[in-house]
Amino acid sequence: MLTASTPTHCPYCALQCGMALSPLPTGGVEVVERADFPVNRGALCGKGRTAAAVLAPGVRLTSPLVRSGGSLVPASWDEALDRIAGELDRVRTAHGADALGVFGGGGLTNEKAYALGKFARVVLGTSQIDYNGRFCMSSAAAAGMKAFGLDRGLPFPLEDIPRTGCVILVGSNLAETMPPVLRFFSELRENGGTLIVIDPRRTRTAEQADLHLAPRPGTDLALALGLLHLIVAEGRVDEEYVRERTVGWEDTRAAAMAHWPEYVERITGVSVPQLRETVRLFCEPEAAMVLTARGPEQQSKGTDTVSAWINLCLATGRAGRPLSGYGCLTGQGNGQGGREHGQKADQLPGYRKLDDPAARRHVAEVWGVDPDSLPGPGRSAYELLDALGSDVRSLLLMGSNPVVSAPRAAHIEDRLKSLDFLAVCDVVLSETAALADVVLPVAQWAEETGTTTSLEGRVLLRRQAVTAPEGVRSDLSVLHELAARLGVEKGFPVEPEEVFEELRRASAGGIADYSGISYERLAEEDGVFWPCPAGQDDRPAPGTPRLFLDRFATEDGRARFTPVSHRPSAEEPDDDYPVLLTTGRVVSQYQSGAQTRRVAELNAAAPGPFVELHPRLAARLGAAEGDALAVVSRRGRAVAPARITTGIRPDTVFMPFHWPGAGRANTLTNPALDPTSRMPEFKVCAVRVELAGPSA
């Protein structure tokens, strides 16, 4: 039983805000502030404040469930595990190892992500593993690797933001998605800096900006190219920096010069004077930053779009210098660490590439297996889900709810139903778990110890504060038991610290090197920035809060420009579908809502989906506030109440994606994939909007 306050971190977004859990006299725990943690200094959003509510016995699963006669019924752990192992073995024997799929989550700790990737490749022998973090910042990751040779969400700590001169924030409504971070931007403006927000909606974040640009959804790439054109035309390129610290400028400059301001104005709807003012505000200070989020990244050209914004930083000397740079605001709690240690289709621990022979040898030695036994790269997240029931016959899923969160969600729901066998490990009976043949109740954030890596690249220690209810086990225990049943007796410990010690060795020498980090050090220092290689002569190596100040992580130390050109979205409006749909989050719900929709306070603040539209569009439809609107795409139909506001473009509607059922926004979204990152085009698709009758 908890008898004293336990310092830990929030289970939700990538800020990983510091908090503490304290016992209540009546039993249970409450969340209390931790003013000592530098990211949030005690401040918490509503989700963080109410996080302990999901620990309540009546909210979460406490017994394994197995399907019998069409229903899920309670079962013993041995029965449930035996059934999973038996079905996995049966499918593998009948159809081969690649008929087994594994799907992870960006909320899993580093230890779980590492163990899940190892389990897929060593125990199952399958290449078919990916995770929902592919839907988060994979485009930014791909662009960052191209340009800098390293992908870390922010190459500097958040504390640098108030001290820079200008921030361009592209496609992020952080006032709702991660409210405690907004104070860094408020302090930026208090210090005389400027904030430019780029979003087709006038969000709570945009209301804080010195300048708000509202481009047509899907045109962020053209916007960045138009700004770079003006930077060249106005003589604002840092020629010395470009010459000494980059390669590839000539081709990139030529591509940008084809995007003259009036042309970009026609594409984006952003006026030429606004483009010129953006360039002035960005270029005049000594230091400046560009930060992107899901808006420009969740597009079928997301990698090129992020590359265009990186090019802007490189051309003006705003990368690898103090208080300057390009960064990505990671979304999920462990979206950064989750892709570094092996649950992504093409990666091994330490952010190593699965098709690199040296990487395979290193990791295979740590794992005690033949490098040739490791399968090659598999399908990306959407492609894996799309293959369910055909090439992939059985799926083990941990910490994800694709019935709500995947694009073209009705199709993915059908794919899940077509499987020979589905096993789900989760805290609650999510919409995806409800389809499973076996559901395992697993421990959550406050019931187990483990590490996460925040959007800053700061590795953090989440401490166990309470004991999981009887009947609940950890994901690591699940993998240990399944591995043993499938003939692998060793290599899958259940203690998180033991897993982390192996992760350190597996990551050593890789891009994301954690070898100099230990649980003891994390507890003492309240987080360590990677890369952090092991030190010499027993001296701990320092972490790396700020990257690229001396050189970039490329072979020659220079950053790479990437020449890109504007192209349309995969699906543009037409006579049948004349309106653009974009999606996003609201402050009181999180991701698919599987946990936050079980918290009364959060549901009271955000009870259900809605369709946000401009008064001019509402007038054309004859719609009033609260009327039920049907939003129809080529993939399906969603119905939700109208929310009329001048804060959105007249050619665009917005829906939040947290809810299942009739208002499921991802029924509509387009699974068109970025050719490099394999990111689906969540942020823009063509729809028509019509009255659906009186609202309920």
Side-chain angles (χ1 to χ4, degrees), residues 147-148 153-172 174-175 181-199 205-213 220 223-246 249 252-253 256 261 270-293 296 306 308-329 456 545-550 552 559 561:
F148 308 128
L154 294 181
F156 42 73
L158 287 164
E159 66 187 38
D160 284 0
I161 290 173
R163 298 189 293 144
T164 193
C166 176
V167 173
I168 299 179
L169 184 63
V170 191
S172 172
L174 52 82
V181 81
L182 188 62
R183 69 172 175 81
F184 291 105
F185 296 88
S186 298
E187 291 172 9
L188 164 72
R189 299 182 69 210
E190 291 167 4
N191 292 340
T194 55
L195 173 62
I196 301 169
V197 170
I198 298 173
D199 198 302
T205 307
E207 290 173 354
Q208 307 299 312
D210 297 281
L211 178 63
H212 171 217
L213 310 182
D220 307 273
L223 180 61
L225 286 162
L227 296 174
L228 185 54
H229 177 112
L230 285 170
I231 284 168
V232 175
E234 295 178 4
R236 297 180 183 271
V237 175
D238 188 332
E239 300 286 357
E240 181 181 359
Y241 174 94
V242 168
R243 185 171 55 254
E244 294 182 354
R245 298 203 62 185
T246 73
W249 169 235
T252 297
R253 179 175 59 186
V270 177
S271 70
V272 172
Q274 284 185 310
L275 296 174
R276 293 189 184 279
E277 179 67 359
T278 300
V279 167
R280 184 187 70 81
L281 292 173
F282 183 69
C283 292
E284 285 188 352
E286 183 177 345
M289 300 173 179
V290 172
L291 304 178
T292 67
V306 175
W309 288 104
I310 292 174
N311 289 343
L312 203 71
C313 291
L314 295 177
T316 53
R318 306 304 176 89
R321 283 178 168 172
L323 307 180
S324 288
Y326 164 77
C328 168
L329 298 174
E456 300 177 295
R546 295 169 181 85
L547 299 171
F548 314 137
L549 295 180
D550 298 318
F552 294 97
F561 280 100

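Just so it is clear, the values below take in all heavy atoms, side chains as well, and ignore hydrogens, waters and symmetry mates. Because the structure is a prediction, the values reported are computed rather than measured.
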For the side chain of [X] and the backbone of [Y], is there at least one donor-acceptor N/O pair under 3.5 Å apart?
X: S324; Y: A288; result: yes
X: R245; Y: G320; result: yes
X: T246; Y: A559; result: no
X: D210; Y: I196; result: no
X: H212; Y: E207; result: no

[X] to [Y] - nearest heavy-atom pair and separation:
X: P285; Y: C166; answer: CG-CB, 4.2 Å
X: R321; Y: D238; answer: NH1-OD2, 2.9 Å
X: A287; Y: P322; answer: CB-O, 4.0 Å
X: D220; Y: W309; answer: O-NE1, 3.8 Å
X: G327; Y: L154; answer: CA-CD2, 3.8 Å

Task: Salt bridge R163-E286, side-chain N to carboxylate O under 4.0 Å - done: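 Salt bridge absent between R163 and E286.
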Residues two or more places apart in sequence or in another chain: which of them pass side chain to side chain contact (heavy atoms under 4.5 Å, CB included) with [X]?
X: N191; answer: P162
X: R236; answer: I231, E234, V279, R280, C283, E284
X: P261; answer: H229, L230, V272, L275
X: A175; answer: N173, L182, R204, T205

In Å and rounded to the nearest 0.5 Å, what is the [atom1] to [atom2] distance from [X] to [Y]?
X: T292; Y: I310; atom1: OG1; atom2: CD1; value: 7.5 Å
X: I168; Y: L211; atom1: CD1; atom2: CG; value: 9.0 Å
X: L281; Y: T194; atom1: CG; atom2: OG1; value: 4.5 Å
X: L228; Y: C313; atom1: CG; atom2: SG; value: 10.5 Å
X: I161; Y: S186; atom1: CD1; atom2: OG; value: 11.5 Å
X: L323; Y: R318; atom1: CG; atom2: CZ; value: 11.0 Å

Min side-chain heavy-atom separation [X]-[Y] under 4.5 Å:
X: Q208; Y: V197; answer: no
X: L314; Y: T252; answer: no
X: F185; Y: L174; answer: yes

Open item on the list: Please enumerate all residues that pass salt bridge (charged side-chain N to carboxylate O under 4.0 Å, His left out) together with R253, with sequence neighbours excluded.
Closed with: E250
Open item on the list: Hydrogens and angles aside, do T316 and Y241 bring a side-chain donor and acceptor to less than 3.5 Å of each other?
Closed with: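 Judged by distance alone, the side chains do not pair up.
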Open item on the list: Test of understanding: with ring-ring contact (aromatic ring centres under 6.0 Å, His included), list the residues that count as partners of F148, not counting sequence neighbours.
Closed with: F548, F552
